[in-house]
Structures are given as structure tokens and as C-alpha cells.
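Worksheet: the structure to be examined is printed underneath.
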Amino acid sequence: MTEPLPKPNRKNPLVRTRQPLLPPASRSRKAHGLTLAAAAGRFMLQCCGECGQYIYPVREACPNCLSADLPFKDAPTGGVLLSETRIEVTGDPYFREHMPWRTGLVRLDCGPSAVVHLHGDCGGPGSQLSLSLQLDRVGQAVLFARPVSETPDMEDDPQWREMTADPKCRRVLITEGRSPVAVALAIALKKAGAAKVFVGVADRWKPFEEQKALEAIEGVEFVDLDLTSERSVQELAMDIGAKVEILINTADHVRPTHLFNAGAINTARDAMDHTVIGLMRLAQAFGPVMRSRGADGKTGAVAWVNVLSVHGLSNVPQFGVHSAAHAACLSLSQWLRSELRQGGVRVINAFTGPLDTEWFQTVPPPKVAPKVLADAIMDGLKRGLEDIYVGDVAKDIEARLFDNPKAVEREAGQ
């Protein structure tokens, strides 16, 4: 049985920080179909369009009928453990630091057999397992098997935690305390076992609506953070940068305007400064130390979460500046992901539909409640995802973009 994760000891500041090591990263271009599925939390395998046979590992042609029509499709997640082994010695630098490591041969219910990473609570040969595609520390998809039924403290399994970004026993920074999402996030983080929640507030002398609710949550600490000020961001990074293991960027700046309005450029400039340039300031101040802390053991730096509007994927004219700013944030987030991946830190993009806040009062339902967004982010952290779509609007746009991007563009302008 999995042992509960103990409260970590304080790191000795005199001990040299270890260099982050990463698992092997070589994959074929075709194999990135598995990466796409793992990033969104889906279990997809190649399925032959001619004979209908599921295939693993990834191939260029079906081994049964030699067809080249091999799209990735959702597959059953069940399987049976055929055999297992416990690896004690390895030549790979990354896995050498995580020995012993449990692997097994599993026959999937959909047909093929595969070597997978095994959760510590999996039974012996013959036991039923539930499989998933997980992103490892280098961002590549791997197969992972867990018990079908929940077991005590199963989220604390060392191999599972290497595949996820569970906030348990970790310290988290929420960048915008004045956001209506801040309270819901703080509550969800404490419920998930976060050790400390820092909440950034600009101009702390100004009272704000969420202040009392945040002060009532045990383990929450207010810190000075103004994303429009490089000095403010740098000073906070010098103060708590080495403590933050998960950063959740909730910064937003919603101001409806028409493209042809005289003041549209000033509105866009303010939005870009608060969101896009604010994200870059955060990346420059907190990114290097988080990347270096990816090797700090069970409670090292693991994730950076950006809360983005799904309209960053497809502009909606009513909130054109907002959409454009979040589109730029998405591109910057992808840049940040490539930098933080070197330290094993994953970047998660939480795409949300219109939030149930005052700035979206004129938008018809469905809308996303702050608690729903917070719960989705916690689920994404615990499952180790990279892309989260929150709310009916976001999920609908995701599906329609995959089917016909031009239809989404035309319908948004109607």
C-alpha cells in the first residue's frame, strides 16, 4: 500500500541545488498523437481505418492489413497485468535517482500488449488495471497503469507524483488576489493539501471584495504584487521565488471596445501590459528559479498554470481586445513551456469560457463559476494535464475548432 506523503523537511539553504535530470525524450512525429491525447487527459491509440484493430506501439502501417489509414481514436482504458518487474539498477541518469521503479507488461482490453509504468498499489499478474496516457517530466506521453479501485493515499505514490503536479505539501502563488477566482482557488488548494498559498495583491492599502474571505482561509498569506510593475515582480521573486512550487497566473483585464473606436488602442495597450507583458515579467522573475528547483525531490517546483480565455483561440468581436491579449498570452505560454521543460516543470493552460463575473454580465449563459474553474485546475494538476477546457463554451469551441476552424471564426462574428 502507498505510504502517505510526510510533511517535507525544510531545505538546507547551504546545500547546492541539484541539476534537473529528465527522462529520455526521443519520439517519432507520429507518436506525438499520443502526446496530444495525454495533454488533454484522453486515452487514444491508433485504430486501423480498414480492419478496425487498435495498434500499439505507434506504427506507419497496420501490422494486420498493412493499411496506412491509422488515425488516433479513443480506446478502452482497461487491461490485465501479464507480468511485472522491479528495476533496481539502470544506466539512465534520470531513473537512477528514482530507483526502484516498477514496470509491467499489460494486455489491453482493446487488443495490443504494452510495457507500462505501474502504480505501487497494482496487484500481481492477472489483476485488472486502468490505464492512462501521462506526460512525463520532459513532456512526452507514456503509458501508466493504476488499480481499478481507489486505494488509500494512492495519489502519493512516488511514480505517480512524477507524472503529475499534485499541490499536496507544495507552496503556491496566486498572482491576482482581486480576481473573483482567487478565493475559490485558495479554498481548493488548501483542500488539496497545499502547504502555503501566497496571494498577490497590488496596492494592498485599497480594500477589495475578496479580502475578508481570503483572510479567513488558514495558510493564506498576502504578498505585494503588481504585474504592471517590473520592480514589484522582481522584489517578490527575490523574497519568495525560491519557495514557490506552483504558480497560478490569474491576471486578466477585460474591457469591451470596438476595433474602430478612437480609444481602442489605449484599451489594447492597457490589456497587453497587464496580461501579456505581465506574464513576461513573471516568467523572467520566477521562471529561472522554478526551472532550477525541478530537481528538489518530492516537493520541488512542478507547474505553472495560466488561466486563459478560450476566445484566445478564436476571437469574439464583443471582447476583441480581451481575445487578442489572451491569444498573445497563449503564444507566450508555449514559449515559456519550452523553457521550463528543461527543469521538468510543466506549463498548464486552463482555457475557460466567460466567467460569471461583472465584466461578462451582458454575455448570455452558460457561464463558468469561479469554483468550477478552481476545481478544474485542481483536477488538471492532480492528473498532470497541459490543456484544460472549462465550461460548456470552452469545450464546444475546442470540439468545433478541431472539426472546422473557419466555421468557428464566421459564427463568432454573427
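When reading the values below, keep in mind they use all heavy atoms of this one structure, side chains included, and skip hydrogens, waters and symmetry mates.
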Inset, instruction - Evaluate side-chain contact (heavy atoms from CB on, under 4.5 Å) for L381 paired with T164, printing each intermediate quantity in order. - result: CA-CA 6 Å; L381 288 169; T164 65; over 6 Å; no
If we ignore hydrogens and angles and just use 3.5 Å, is the side chain of [X] paired with the main-chain N or O of [Y] as donor and acceptor?
{"X": "R42", "Y": "L34", "value": "no"}
{"X": "R178", "Y": "A202", "value": "yes"}
{"X": "S338", "Y": "W335", "value": "yes"}
{"X": "R146", "Y": "L129", "value": "no"}
{"X": "N261", "Y": "G263", "value": "no"}
{"X": "Q140", "Y": "P24", "value": "no"}
{"X": "R346", "Y": "M163", "value": "yes"}
{"X": "E245", "Y": "R171", "value": "yes"}
{"X": "R293", "Y": "A242", "value": "yes"}
{"X": "T175", "Y": "T250", "value": "yes"}

Spacing of [X] atom [atom1] and [Y] atom [atom2] [to the nearest 0.5 Å]:
{"X": "S127", "Y": "L81", "atom1": "OG", "atom2": "CG", "result": "4.5 Å"}
{"X": "T257", "Y": "D270", "atom1": "OG1", "atom2": "CG", "result": "11.0 Å"}
{"X": "L66", "Y": "R59", "atom1": "CG", "atom2": "CZ", "result": "11.0 Å"}
{"X": "R170", "Y": "I246", "atom1": "CZ", "atom2": "CD1", "result": "6.0 Å"}
{"X": "D226", "Y": "S232", "atom1": "CG", "atom2": "OG", "result": "5.0 Å"}
{"X": "T352", "Y": "D252", "atom1": "OG1", "atom2": "CG", "result": "10.0 Å"}

Quick one: do [X] and [Y] make a salt bridge, cutoff under 4.0 Å?
{"X": "D156", "Y": "K168", "answer": "yes"}
{"X": "E221", "Y": "K196", "answer": "yes"}
{"X": "D375", "Y": "K371", "answer": "yes"}
{"X": "D273", "Y": "R281", "answer": "yes"}
{"X": "E339", "Y": "R291", "answer": "yes"}
{"X": "D157", "Y": "R161", "answer": "no"}

Legend entry - Stepwise side-chain contact (heavy atoms from CB on, under 4.5 Å) test for V305 and N249: CA-CA 6 Å; V305 182; N249 180 28; over 6 Å; no
Heavy-atom pair of closest approach, residues [X] and [Y]:
{"X": "N306", "Y": "S333", "value": "ND2-OG, 3.1 Å"}
{"X": "I174", "Y": "A186", "value": "CD1-N, 3.9 Å"}
{"X": "L133", "Y": "A141", "value": "CD2-CB, 4.5 Å"}
{"X": "L135", "Y": "A39", "value": "CD1-CA, 3.8 Å"}
{"X": "A182", "Y": "G177", "value": "CB-O, 3.7 Å"}
{"X": "G124", "Y": "E84", "value": "CA-OE2, 3.6 Å"}

Inset, instruction - Check whether the ring centres of W101 and H117 lie less than 6.0 Å apart, and answer yes or no. - result: yes
Within-4.5 Å side-chain heavy-atom neighbours: [X] and [Y]:
{"X": "L332", "Y": "L330", "value": "no"}
{"X": "H119", "Y": "P147", "value": "yes"}
{"X": "F319", "Y": "V363", "value": "yes"}

Legend entry - Residue pair R383, D379: steps toward the salt bridge (charged side-chain N to carboxylate O under 4.0 Å, His left out) verdict: CA-CA 6 Å; R383 294 169 60 195; D379 180 67; 3.0 Å; yes
Inset, instruction - With side-chain contact (heavy atoms from CB on, under 4.5 Å) as the test, would you mind laying out the steps for D387 and F351 before giving the verdict? - result: CA-CA 7 Å; D387 298 317; F351 298 99; 4.0 Å; yes
Inset, instruction - Show the numbers, then the answer: is there a side-chain contact (heavy atoms from CB on, under 4.5 Å) between L82 and S113? - result: CA-CA 9 Å; L82 301 178; S113 297; 4.1 Å; yes
Legend entry - Qualifying residue for ring-ring contact (aromatic ring centres under 6.0 Å, His included) with H274, from H322, H326, H253: H253
